[in-house]
Amino acid sequence: MSIRITHLSVRDIRFPTSLSLDGSDAMNSAPDYSASYVVLHTDTTGLEGHGLTFTIGRGNEICVAAVQSLAPLIVDLTLEEIVADMGAFWHRFTVGDSQLRWLGPEKGVIHLATAAIVNAVWDLWAKHDGKPVWKLLADMTPEQLVRCLDFSYVTDVLTPEEAIALLRRQAPGKAQREAQMLREGYPGYTTAPGWLGYSEEKMRQLAREAIEDGWTHIKQKIGANLEDDIRRASILRDEIGWERTLMMDANQVWSVDESVANMRRLAEFEPLWIEEPTSPDDILGHATIRQRIAPIGVATGEHCHNRVMFKQMFQAGALDFCQLDAARLGGLNEVLIVLLMAAKYDVPVCPHGGGVGLCEYVQNIALFDYIAVSASLHNRVLEYVDHLHEHFLDPVVIRRGRYMPPQRPGYSIEMHAETLERYQYPNGAVWLDINRA
Ligand SMILES: C[C@H](O)[C@@H](O)[C@@H](O)[C@H](O)C(=O)O
Ligand SMILES: [Mg+2]
């Protein structure tokens, strides 16, 4: 196999979700779900790697520019040399250009751009091997898997040897757990009724539909106004009853003390977790909140930018639920390190799905986590949002509130060519129409 990456193309794709307030929350009142969409072209006919990073509108153009700047780090490499030592490839990617590294390091736009490219490599590799990414990972030996990882800055809590031992411990039950997932799917939760911009009537209606569709866990957006939060929570409890589970997401709007005070008021609705109560960078703040509002759990991660931050979250006992993001971390390699650290600290991973393509990505991650790393479904639910799946070649399949494992080779992230034409910003037909109106 010698498959050379001949060039990289990147497009600014945006969906006008702000028009319907899909995806709205207390911090992001009108997001346009967007993607910096990467294609790795190769010298082999019919073989391409697709990847994206998620943004919510105007910032997408900056991310696209960052992808273009990083492209020289990958163009002309062969898939063979990348996968022979993917850990080294990833390391070079983050330190290989110190002028670009200065923009992070390993955080912000440059790391989001890294994720789009790195995930496109995984898509390419999985397509080449004829497997979905979860299966490509699940079929690796512990040694092969660990070779894909870069342990820099985390060896004080996780060494390659420990990672191998963790994976070996779960190896005996892998086949049985894989068969179980293919049969039953992975448990999910839905955010569909919970968006902050939706009217109470719409929220009620969507909550009813969610129950009919078999969802047992529902997330509510809160944080703009406490009295509204209380009223909406009581409507939701009214609809979903007390036997189903409610989660709450404040999207970073509070201080530490406000988080504690407000969650004490909302405790009567028995939320399983409060997500992103405060600044995503405030590790010790999360630990404080957690101590002061137990038994309500603290969840965060969609803005946790790298493995070093997660390491400290775990060390500080700041988290009950780790909500890593497939495109905020620097692609799948870094996600895998976080899965392993979470397993060591016994923190359940419930990846973030609220964005375009994130559900498609994270199903692969959650499946692999269960099959090979955590071997547990306890306190684990995978987020589902119900928008924009029709734009993917291999959209998520949900059955009675559970994610059914994708079968098509790749990272499940490739969009239809027509979507890429129509939603390209600013000259795709959809945006020309909006801007004309
Ligand atoms: C702007 C986005 O929709 C966020 O609200 C979303 O990612 C959210 O935090 C979530 O947990 O799904
Ligand atoms: Mg969230």
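Just so you know, ligand 1 is whichever comes first in the structure, and atom 1 is the first atom listed for that ligand. Just so it is clear, the structure is predicted and the values come from calculations on it, not from any experiment.
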Side-chain ion pair, Arg328 and Glu302, N-O less than 4.0 Å: no
Check ion pair Arg11-Glu421 (N to O, under 4.0 angstrom):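 Result for this pair is yes, salt bridge flagged.
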Close aromatic pair by centroid cut-off 6.0 Å: Phe15 and His391: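 Yes: the rings meet the under 6.0 Å criterion.
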Centroid-centroid under 6.0 Å between Trp122 and Tyr411 rings: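 Trp122 vs Tyr411: aromatic centres not under 6.0 Å.
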From Lys311, Arg307, Lys344, residue fulfilling salt bridge (Lys or Arg N to Asp or Glu O under 4.0 Å) relative to Asp156: Lys311
Which N, O or S atom of Asp249 lies nearest to the Mg ion (ligand 2), by name: OD2
Residues in contact with ligand 1, criterion: heavy atom under 4.0 Å: Gly23, Asp25, Asn28, Tyr33, Trp195, Lys219, Lys221, Asp249, Asn251, Glu275, Glu302, His352, Gly354, Glu383
The Mg ion (ligand 2): angle it makes with OE2 (Glu275) and OE1 (Glu302), nearest 10 degrees: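 So the angle at the metal works out to 100°.
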Donor-acceptor contact below 3.5 Å, side chain Ser199 vs main chain Lys202: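 Yes, because the side chain of Ser199 sits within donor-acceptor range (under 3.5 Å) of the backbone of Lys202.
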Qualifying residue, where the test is side-chain contact (heavy atoms from CB on, under 4.5 Å) with Asp249 and the options are Glu276, Gln220, Gln323: Glu276
